[in-house]
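To keep things clear, I will list the structure first and then write my remarks on it.
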Amino acid sequence: MDYKFWEIEPRWQAYWEENKTFKTPNDFSKPKYYILDMFPYPSGAGLHVGHPEGYTATDILSRYKRMKGFNVLHPMGWDAFGLPAEQYAIQTGTHPAVTTFKNCDNFKRQIKTLGLSYDWDREINTTDPKYVKWTQWIFTKLYNTWFDYEQGKGRPISELPIPEEIQAEGEAAVKEYIGKKRLAYYDNAQVWWCDNCKTVCANEEVLTDGAHEKCGHHVIRKNLKQWLLRIPHYAQRLLEGLDDLDWPEGVKDMQKNWIGKSTGAEVDFQVEGLDQQLRVYTTRPDTLFGATYMVVSPEHPMLNELVVADKQEEVQQYSKAASLKSDLDRTELAKDKTGVFTGRYAINPVTGLPIPIWVADYVLMGYGTGAIMAVPAHDTRDFEFAEKFEIPITCILDPKDADAEVREQVLAGKACWTEDGAYINSSSEKTGLDINGLNKKDGIAKVISWLEDRGIGHATTNFKLRDWLFSRQRYWGEPFPVIHWEDGEISLVEDDLPVTLPDLQKFEPGEGGESPLANATDWLNVVDENGRKGRRETNTMPQWAGSCWYFLRYIDPNNDEQIFDPKLENYWMPVDLYIGGAEHAVLHLLYSRFWHKVLFDLGVVSTDEPFKRLYNQGMILAFAYETQTGAKVTSDLVEEKDGKYFHTQTGEELRQIVAKMSKSLKNVINPDDVVEKYGADSLRLYEMFMGPLDDTKPWAENGVKGVFGFLTRAHRFFANTDHITEGEEDLEVLKLLQQTIIKVGDDIENLKFNTGISALMVFNNLAIKKGKVTKATAETFAKILSPYAPHLAEELWRLYGHKESLAYEPWPVADESLLVEDTHEYPVSFNGKMRFKLELALDLPAKEVEQAVLSHELAQKWLDGKTPKKIIYVPKKIINVVL
RNA sequence: GCCCGGGUGGCGGAAUUGGUAGACGCGCUGGAUUCAAAAUCCAGUUCUGGCAACAGAGUGCGGGUUCGAUUCCCGCCCCGGGUACCA
């Protein structure tokens, strides 16, 4: 009897589809479980083997949870806006919608051949106008929300209190004031522009060396009017929210670093000869005594005033040069610090002494106050700068616990010390402050309170997180529901959503950095009832927009009246498990959390955080081959002999390496081919058997053969009714079956699929060895196999006479009483080295255990006539004789 | 530089979190079947020595704690990911 997966699998896939086996009812009587995959961008290349890894994992858990009695929401959809379809349109004239439709269709076909239990009635597509409508609706909410720092939450803009002095200035001032509070705003921003492609590109499309990933040309900065979102207002909430999430620590750390909270103080320095203060931000106010100079960023608003007459030209030149450098170039040159003295001095508030003010591009305008106090003895950057420009370096923190040589260097100002120590040179009779002898923590506290008492500084917090650039000069994205009127007013389209994309013939962006939408004149120009002329926003939203909230739409995907029914949202949210690639650790997951928190504050959603548990699947790599000199050889030119690899043409022996799948190495694995050759169940099983879900691991065809062999043997045994008997089950089989039920279930809950499969294999091996099992055993095996290999399991279930799918059969409960043992086979060690095994009754008193061990015939050899010093006896674990 | 992961047979990986290191699978070796091969089945397979029983070594390296360490602690080396003048 052959394992005809090519007949079995399509048959069951058709059955599930016809019977809507996996349609998810909104049945509130059952406990819910929401299992989400990161939905794919449907590229023209189709599925690669990385996709089914996460999808199979969630599918196994979904099937398992259904059998455990949960109402499982397990949907799939398409993140279908994006650049490739638009680039393709520019090249071929094919409308992105056409390409997108085709690609989604192909993805869906491929996914369906894997036997994944999605509820396809909930399928969504971010490009669907019915979906875009609600993406735009959320944008209008962002625009009409401000963040109330007192309450720590977002509130409707209508509730924003307007200070009297603003009101007094008139309507324009009020509008401006409100505009500065909105979570979405329109302003000048710098973007990356590729002059070769005539298009802007997203940050993530710019490689670290400043090249555009598509064409390799260097991108430049361009200043364009842009939409931005004030995500930093939620920085503290986004940071705190991480604490309660069951997420990989690495992802939480990355988000924490990205948010970048730091605490310190702002300090005002009196500028000599001007009636002005220069405000700096520092995390180390305790090192004020060591501040021997100051630096302002080249973009600092006070710079012009600060520069003395005969330094004007030099400084101007420097600032101009700095502004031409991109951030990237600035970091590139990080090793070599540059800067110019402004000729101006400020008074160090704790010493009362003047210190020079420099301008240097290692200080960024976008962080803190754009100005710093420089403490070269205790900050590596300041140290480098001071050494280069021969500025005094005053050590004020004695590294008393450091080794003598280092300490001497630091004290002499010849090395930089950033760790803790005891203050020296940190008192001033003139100002009355003295922190000598204190440690870092106490020093910071004392200086801050001293500054606060005098009104020249205060404790404060800073975040690295910046405003989110939320627009792209693109066609294939969500249009903004926004009209710019000729009088400068901006208004939202709120009543007539969605604003749909106009049909275009040409998709090239405009010369001046405008979106292709600027060419759609009919669509573009609008006139209001008073004859006022306006222009629609021509930017579109970035791809993140649709993916920020898609998990909410699955809950009620066809609702045209509301974004979703709140009753349903309340039942289904939050997402219980979210699986996807680690590449989204920061951006997608942070953006999503941000939107979700805004929606939560506005009462739209019922949970503060969207994703309770997150798990990242690892990347799947492939073997590749290279010659002894390191030249890569494409996989079609490699043959294997006796575990070694040779070039088919030159005969040269090759080295096997692990690399990313790539067209150039010809080592890309197409899931379609695997399904055709071994079947979907084998593909699923192998993807899970390769190793831990979150590991990076190489694809090996022999591994697929291995799991295929397992399914073939399982089929040969369990699908042959000659092997299925009536009556009592063999005790060994029965015991192992109970253990397997427990192991497989636990491993699914813990996402340890590789060892779960191993347990199924072990059981299969025993059953085959025994030659027969009872029908009850065979049915149980089919059930616990079913999350992994659902097609084969359904086939067996049907064979055993059942008419219905086993998808909702209760998960077997192990009879643990069968596993209770009254003896245990102890490994007996001498000095920690296992020497022999000894079966003993569990209730044997310790004394008798020792007796039994020492009187064992093999014990004499290891005792070697000595008397044991001690005998360690750990019941049910081990016996160790210490000599 | 900084922050996270991770180093276990020829290979992918197990090991109940301090208790028999190498489950399961691949590969390899031998055997059965076959005219032969593929497929399948059976046996073996960490390394070293030995026909064998068995003995010794062994989880990146060097120390330490412990009756006992892949697991805990200290100091290194290597690999992968993230981040980068954030004051």
* To do: Before accepting this row, confirm whether a basic side-chain N of the pair A:Lys735/A:Glu821 lies closer than 4.0 Å to the acidic partner's carboxylate O.
  =>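 Result for this pair is yes, salt bridge flagged.
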* Salt bridge check: are A:Lys697 and A:Glu53 linked by an N-O gap of less than 4.0 Å? ->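 Salt bridge: yes.
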Nucleotide of [options] approaching [X] most closely (side-chain heavy atoms):
{"X": "A:Met254", "options": "B:A87, B:G82, B:C24", "result": "B:G82"}
{"X": "A:Arg716", "options": "B:C4, B:C67, B:C41", "result": "B:C41"}
{"X": "A:Ser262", "options": "B:G13, B:U16, B:A87", "result": "B:A87"}
{"X": "A:Thr755", "options": "B:A87, B:G27, B:A14", "result": "B:A14"}
{"X": "A:Lys337", "options": "B:G25, B:C85, B:A55", "result": "B:C85"}
{"X": "A:Tyr362", "options": "B:A14, B:G12, B:C85", "result": "B:C85"}
{"X": "A:Met834", "options": "B:A87, B:C85, B:U20", "result": "B:U20"}
{"X": "A:Asn765", "options": "B:C24, B:C11, B:A87", "result": "B:C24"}
{"X": "A:Ile878", "options": "B:U20, B:A14, B:A87", "result": "B:U20"}
{"X": "A:Tyr367", "options": "B:C11, B:C24, B:A87", "result": "B:A87"}

* Which label fits B:G9, syn or anti, where anti is any glycosidic angle not within 90° of 0? ->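 Syn conformation here, the glycosidic angle of B:G9 being no more than 90° from 0.
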* To do: Report the glycosidic orientation of B:U33: syn if within 90° of 0, anti in every other case.
  =>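 Chi for B:U33 falls in the anti range.
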* To do: Using only heavy-atom distances, determine whether the side chains of A:Thr338 and A:Tyr318 contain a donor-acceptor pair under 3.5 Å.
  =>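 Yes, because at least one side-chain N or O of A:Thr338 sits under 3.5 Å from a partner of the opposite role on A:Tyr318.
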* A:Tyr3-A:Ser682 side chain donor-acceptor pair, cut-off 3.5 Å ->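 Not at all, the side chains of A:Tyr3 and A:Ser682 share no donor-acceptor pair under 3.5 Å.
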* Asked: Of A:Met690 and A:Lys752, whose closest RNA chain B nucleotide lies nearer the 5' terminus?
  ->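 Between the two, 5'-proximity favours A:Met690.
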* To do: Nearest-nucleotide wise, let me know which of A:His824 and A:Thr369 is further upstream toward the 5' end of RNA chain B.
  =>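 Its nearest nucleotide lies further toward 5', so the answer is A:His824.
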* Asked: For B:C67, which nucleotide is its Watson-Crick or G-U wobble mate, given both distances must be under 3.5 Å?
  ->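 Because both required distances fall under 3.5 Å, B:C67 counts as paired with B:G19.
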* Test log, rule ring-ring contact (aromatic ring centres under 6.0 Å, His included), inputs A:Phe836 and A:Trp862 -> CA-CA 10 Å; A:Phe836 58 86; A:Trp862 297 106; 8.8 Å; no
* Would you say the side chain of A:Asn880 and the base of B:C67 hold a donor-acceptor pair, judged only by whether the two atoms sit under 3.5 Å apart? ->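 Checked by distance alone, the answer is yes.
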